[in-house]
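Notes follow once the structure below has been shown.
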2 protein chains.
Amino acid sequence: MPNHSESLDRVFQALADGTRRDFVARLIRGPASVSQLAQPLAMSLPAVMQHLQVLEACGLVSSEKVGRVRTYQIDPQVLRTAEEWIARQRTSWDQRLDRLDDHLAEQPPEQPSEQGSTS
Amino acid sequence: MPNHSESLDRVFQALADGTRRDFVARLIRGPASVSQLAQPLAMSLPAVMQHLQVLEACGLVSSEKVGRVRTYQIDPQVLRTAEEWIARQRTSWDQRLDRLDDHLAEQPPEQPSEQGSTS
DNA sequence: CTGATAGTCAAGTGACTGCTTAAGTGTTGC
DNA sequence: GCAACACTTAAGCAGTCACTTGACTATCAG
């Protein structure tokens, strides 16, 4: 029922940014520190941190600080939640197409209704 | 290849709103007019239109105007694009886990870490 | 034509984003 | 201790977002 999920809001919002998607793609290959993630980017460190905080806030990644180094890693569960929402829509779509097929198979072929004017 | 895709930006951004996800879920079941989509919502008509424009701008839906009624319908292609991005990440994740398993199977059990002394 | 219906355009507003710079805080190496 | 390092906090700023109200344009029904 709750399509209006704040959690989904946050995940999709987090994924709606190329930099953050790059972080996800990078962290999928393995954990990395803040500065490792920042290194290839032409962006200030605070900016990087803010992106990482967005990713952590929605549960896409988690982090742990050891000494002065904070290491981030992926948490694929939330990613699956997002994927499942989309998959569910796609499934409904396919089912609807099937029903339409059935319907057309047992109905005589019919014009979609021409309303009103022949002008 | 291009993770930094503006198109993905727009799709995830579009899905990052519960109202718009509701529209997608509604339109998956079949086409609907602007006012049909607006009817259950406590929101002004212009607000609804703006949401629909976001959905149309990223290709998630298309619309056609007949007489004074504009009818929206889903276009599932872009939805699949978003799903595939996530699926690709999940696949990489699974592959990485497999590699880790293999590695552990042929290595003696060993503490991780202790990297980085050689730079 | 007249009025109701269905949608649209425009402008404004308050909140939120994505970034910046500047000035911290805690760790580690010597 | 002291400096370099890795990160953190705070403030500020331009741009975008999700709405609103009010006025406007087409249809369509009678």
Side-chain angles (χ1 to χ4, degrees), chain A residues 3-6 8-24 27 31-58 60-73 113-119, chain B residues 4 6 8-24 27 31-58 60-73 113-119:
Chain A
N3 246 339
H4 249 112
S5 149
E6 294 217 352
L8 273 181
D9 279 17
R10 277 196 294 264
V11 182
F12 283 127
Q13 179 68 37
L15 295 177
D17 181 287
T19 302
R20 286 193 293 259
R21 283 199 305 280
D22 283 350
F23 285 164
V24 168
L27 291 173
S33 70
V34 174
S35 34
Q36 280 171 343
L37 291 165
Q39 182 251 313
L41 272 62
M43 196 185 290
S44 71
L45 212 44
V48 169
M49 277 196 40
Q50 283 163 32
H51 282 303
L52 289 171
Q53 278 161 13
V54 170
L55 289 172
E56 191 161 22
C58 73
L60 277 168
V61 308
S62 63
S63 74
E64 195 190 357
K65 193 161 183 176
V66 175
R68 56 186 169 180
V69 176
R70 179 174 294 276
T71 302
Y72 280 88
Q73 57 187 316
S113 57
E114 291 281 335
Q115 288 185 329
S117 54
T118 3
S119 55
Chain B
H4 248 110
E6 294 216 353
L8 273 181
D9 280 17
R10 277 196 295 264
V11 182
F12 283 127
Q13 179 68 37
L15 294 177
D17 182 287
T19 303
R20 286 194 293 259
R21 282 198 306 280
D22 283 349
F23 285 164
V24 168
L27 291 173
S33 70
V34 173
S35 33
Q36 281 172 343
L37 291 166
Q39 182 251 312
L41 272 62
M43 196 185 290
S44 71
L45 211 44
V48 169
M49 278 195 41
Q50 282 164 33
H51 282 303
L52 290 170
Q53 278 161 14
V54 170
L55 289 172
E56 190 160 22
C58 73
L60 277 168
V61 308
S62 64
S63 76
E64 194 189 358
K65 193 162 183 177
V66 174
R68 55 185 168 177
V69 176
R70 179 174 295 276
T71 303
Y72 280 87
Q73 57 187 317
S113 85
E114 231 48 73
Q115 57 172 180
S117 47
T118 12
S119 55

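Both backbone and side-chain heavy atoms feed into the values below; hydrogens, waters and symmetry mates do not.
- Contact annotation: the side chain of Asp17(B) never approaches that of Val54(B) to less than 4.5 Å [non-hydrogen atoms, C-beta and beyond].
- By the 4.5 Å heavy-atom criterion applied to side chains, Val11(B) and Leu60(B) are counted as neighbours.
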**Request:** Apply side-chain contact (heavy atoms from CB on, under 4.5 Å) to Leu37(A) and Leu27(A), showing your working.
**Result:** CA-CA 9 Å; Leu37(A) 291 165; Leu27(A) 291 173; 4.1 Å; yes

**Request:** Kindly determine whether Thr71(B) and Val66(B) satisfy side-chain contact (heavy atoms from CB on, under 4.5 Å), including the steps that lead there.
**Result:** CA-CA 8 Å; Thr71(B) 303; Val66(B) 174; 5.9 Å; no

**Message:** Run the side-chain contact (heavy atoms from CB on, under 4.5 Å) test on Val61(A) and Gln73(A) for me, step by step, so that the C-alpha distance in whole Å, both residues' side-chain angles and the decisive distance to 0.1 Å come before the verdict.
**Reply:** CA-CA 5 Å; Val61(A) 308; Gln73(A) 57 187 316; over 6 Å; no

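- Each end of the helix from dC1(C)-dG30(D) to dC30(C)-dG1(D) gets its own axis from five base pairs, and the two axes differ in direction by 20°, given to 10 degrees.
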**Item:** Annotated protein contacts, base or backbone, on nucleotides 4-10 of chain C with a non-hydrogen cut-off under 4.0 Å, one of B, S, - each
**Value:** BBSBBB-

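- Inter-residue side-chain proximity for Phe12(B) and Gln13(A) is flagged as unmet; no heavy-atom pair is nearer than 4.5 Å.
- Under the side-chain contact (heavy atoms from CB on, under 4.5 Å) criterion, Ser35(A) pairs with Ser33(A), sequence neighbours left out.
- Partners of Arg70(A) by side-chain contact (heavy atoms from CB on, under 4.5 Å), not counting sequence neighbours, listed by chain and number: Val34(A), Ser63(A), Lys65(A), Tyr72(A).
- If you walk DNA chain D from 5' to 3' and mark each nucleotide with an atom closer than 4.0 Å to a heavy atom of chain A, the marks span dA4(D) to dT9(D).
- Mapping Val48(A) and Gln13(A) onto DNA chain C by nearest heavy atom places Gln13(A) at the nucleotide closer to the 5' end.
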Expected list for residues 43-52 of chain A: side-chain donor-acceptor pairs under 3.5 angstrom, two or more places apart:
| residue | atom | partner | partner atom | Å |
| --- | --- | --- | --- | --- |
| Ser44(A) | OG | Ala47(A) | N | 3.4 |
| His51(A) | ND1 | Arg20(A) | NH1 | 3.2 |

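- Within the model, atoms CG of Asp9(B) and SG of Cys58(B) stand 11.0 Å from one another, a figure rounded to the nearest 0.5 Å.
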